[in-house]
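Bear in mind the structure is a predicted one, so any value in this text is a computation, not a measurement.
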Amino acid sequence: MDITSITPDETVYWTWGAFHLNATIVFTWGVMAVLTFGSWLITRRLSSGPQISRWENLLEMVVEFTQKQIRDISHQDPGQYLPFIGALFLFIAVSNILSVVPGFVSPTGSLSTTAALAICVFAGVPIYGIANEGLGHYLKHYIQPSIMMLPFNIIGELSRTLALAVRLFGNVMSGAKIGAILLAVTPLFFPVVMHLLGLLTGLIQAYIFAILATVYIASGTRARAKKEGAADAAEQEENA
């Protein structure tokens with residue numbers, strides 16, 4: 001792929017009418033295939049005993065880590081959020097890790113991909129909020145502390161969605177292009193170090209995106225979190 005291309009959207013493999021099969025779609029399908037096959041391979045022989053495979057152990061560590069982060073941020077049971085947040089984290093992390101494969105370009109280096117992920121978070125906030133609090137209670141968030149805040153709260157929802165998309169796109173795209181340029185103009189050792197730093201940065205970006213998504217969803221369900229916190233406090237007082 002040409003290092004001068006800004007995004008994998010510019011690389012088109014096949015065209016049929018208005019449909020363009022570009023590198024972003026192909027590499028996204030590739031990541032989905034890796035995740036699907038990997039999930040099947042790891043979970044096909046799950047064991048609850050003391051002897052488990054290394055891959056199963058790694059998967060359990062990822063799940064437990066994700067649950068802990070969700071619980072610490074939302075102060076709620078992480079079970080309902082784990083599939084969504086976990087899927088976001090794994091997709092972004094695997095996309096960035098696979099960038100070390102020659103010829104592979106991370107689909108998160110495309111603004112269309114990062115925008116789609118951000119839109120998923122944008123849709124997930126009201127879905128979880130309405131499911132936990134009800135439609136009326138959730139919509140009241142937009143007019144707090146007064147109805148004059150309605151347009152500002154709506155703008156805030158849209159702006160943070162845009163920020164999610166642009167932040168991830170900018171970091172992944174810039175890292176990939178810098179690594180490609182250094183590989184073309186410098187000896188081997190320095191680009192290898194940059195690729196290792198790029199992997200670390202890619203994992204950090206996946207973590208940050210998942211954390212921000214959790215924060216936004218938790219803010220949409222804060223009323224329930226307060227109720228559960230008050231109930232837990234009351235129960236502790238009764239037990240005392």
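Atoms CG and CD1, from Asn132 and Ile127 in turn, are 12.0 Å apart once rounded to the nearest 0.5 Å. To the nearest 0.5 Å, the span separating CD on Glu64 from CG on Leu59 amounts to 10.0 Å. Distance check, rounded to the nearest 0.5 Å: CD of Glu56 to OG1 of Thr43 gives 9.0 Å. One distance of note links CG of Asp72 with CD1 of Ile211; it measures 9.0 Å at 0.5 Å rounding. In this structure, Leu139 CG and Glu133 CD are separated by 10.0 Å, a value rounded to the nearest 0.5 Å.
Neither Met149 nor Ile143 shares a network with the other; the hydrophobic side chains, linked directly or stepwise wherever heavy atoms of I, L, V, M, F, W or Y lie under 4.5 Å apart, form separate groups for each. No single ILVMFWY cluster, assembled from side-chain heavy atoms under 4.5 Å apart, contains both Val94 and Leu41. Both Phe122 and Val215 are assigned to one and the same hydrophobic cluster, defined by single-linkage of ILVMFWY side chains at heavy-atom distances under 4.5 Å. Transitive grouping of hydrophobic side chains (ILVMFWY, heavy atoms separated by less than 4.5 Å) brings Tyr13 and Phe104 into a common cluster. Hydrophobic clustering (side-chain heavy atoms under 4.5 Å, transitive across Ile, Leu, Val, Met, Phe, Trp, Tyr) keeps Val31 apart from Trp40.
Evaluation of the ring-ring contact (aromatic ring centres under 6.0 Å, His included) test over residues 145-168, restricted to residues two or more places apart or in two chains, returns none.
Test Ile70, Ile73, Thr66 against Tyr81 for side chain to side chain contact (heavy atoms under 4.5 Å, CB included) and you get one pass: Ile70. The one candidate from Val105, Thr28, Asn22, Thr24 that meets the side chain to side chain contact (heavy atoms under 4.5 Å, CB included) condition with Ser110 is Thr24.
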Item checked: Ile85 and Ile217: CA distance, side-chain angles, deciding distance, side-chain contact (heavy atoms from CB on, under 4.5 Å) verdict -> CA-CA 10 Å; Ile85 301 299; Ile217 292 174; 4.0 Å; yes
Next item on the list: Kindly determine whether Leu90 and Val62 satisfy side-chain contact (heavy atoms from CB on, under 4.5 Å), including the steps that lead there.
Entry: CA-CA 9 Å; Leu90 287 176; Val62 172; 4.3 Å; yes
Next item on the list: Could you go through the side-chain contact (heavy atoms from CB on, under 4.5 Å) check for Leu117 and Leu88 one step at a time?
Entry: CA-CA 8 Å; Leu117 295 173; Leu88 288 174; 3.9 Å; yes
Next item on the list: Show the numbers, then the answer: is there a side-chain contact (heavy atoms from CB on, under 4.5 Å) between Ser95 and Phe27?
Entry: CA-CA 8 Å; Ser95 296; Phe27 292 133; over 6 Å; no
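Across all their heavy atoms, Phe91 and Pro107 have their closest contact at CZ-CG, 4.3 Å. Nearest heavy-atom pair across Leu82 and Gln67 is CD2-NE2, 3.7 Å. Across Arg160 and Val125, no two heavy atoms sit closer than the pair NH2-CG1, 3.7 Å.
Ring-centre distance between Tyr207 and Phe89: not below the 6.0 Å cut-off.
For the pair Tyr128 (side chain) and Gln80 (backbone), a donor-acceptor distance under 3.5 Å is present. Without hydrogens or angle criteria, Thr161 side chain to Glu157 main chain gives a donor-acceptor distance under 3.5 Å. Side-chain atoms of Thr114 come within 3.5 Å of backbone N or O of Leu111 as a donor-acceptor pair. Although no hydrogens or angles enter the test, the distance criterion places no donor-acceptor pair under 3.5 Å between the side chain of Thr108 and the main chain of Ile92.
For CG of Leu158, the number of neighbouring non-hydrogen atoms (other residues, nucleotides, ligands) closer than 6.0 Å is greater than 12.
Judged by a 6.0 Å distance limit and a 45° cone about the ring axis, Arg167 is not positioned over the six-membered ring of Phe209.
Between Tyr142 and Tyr138, the angle of the ring planes goes over 60°, which puts this pair in the perpendicular group of the 30/60° scheme.
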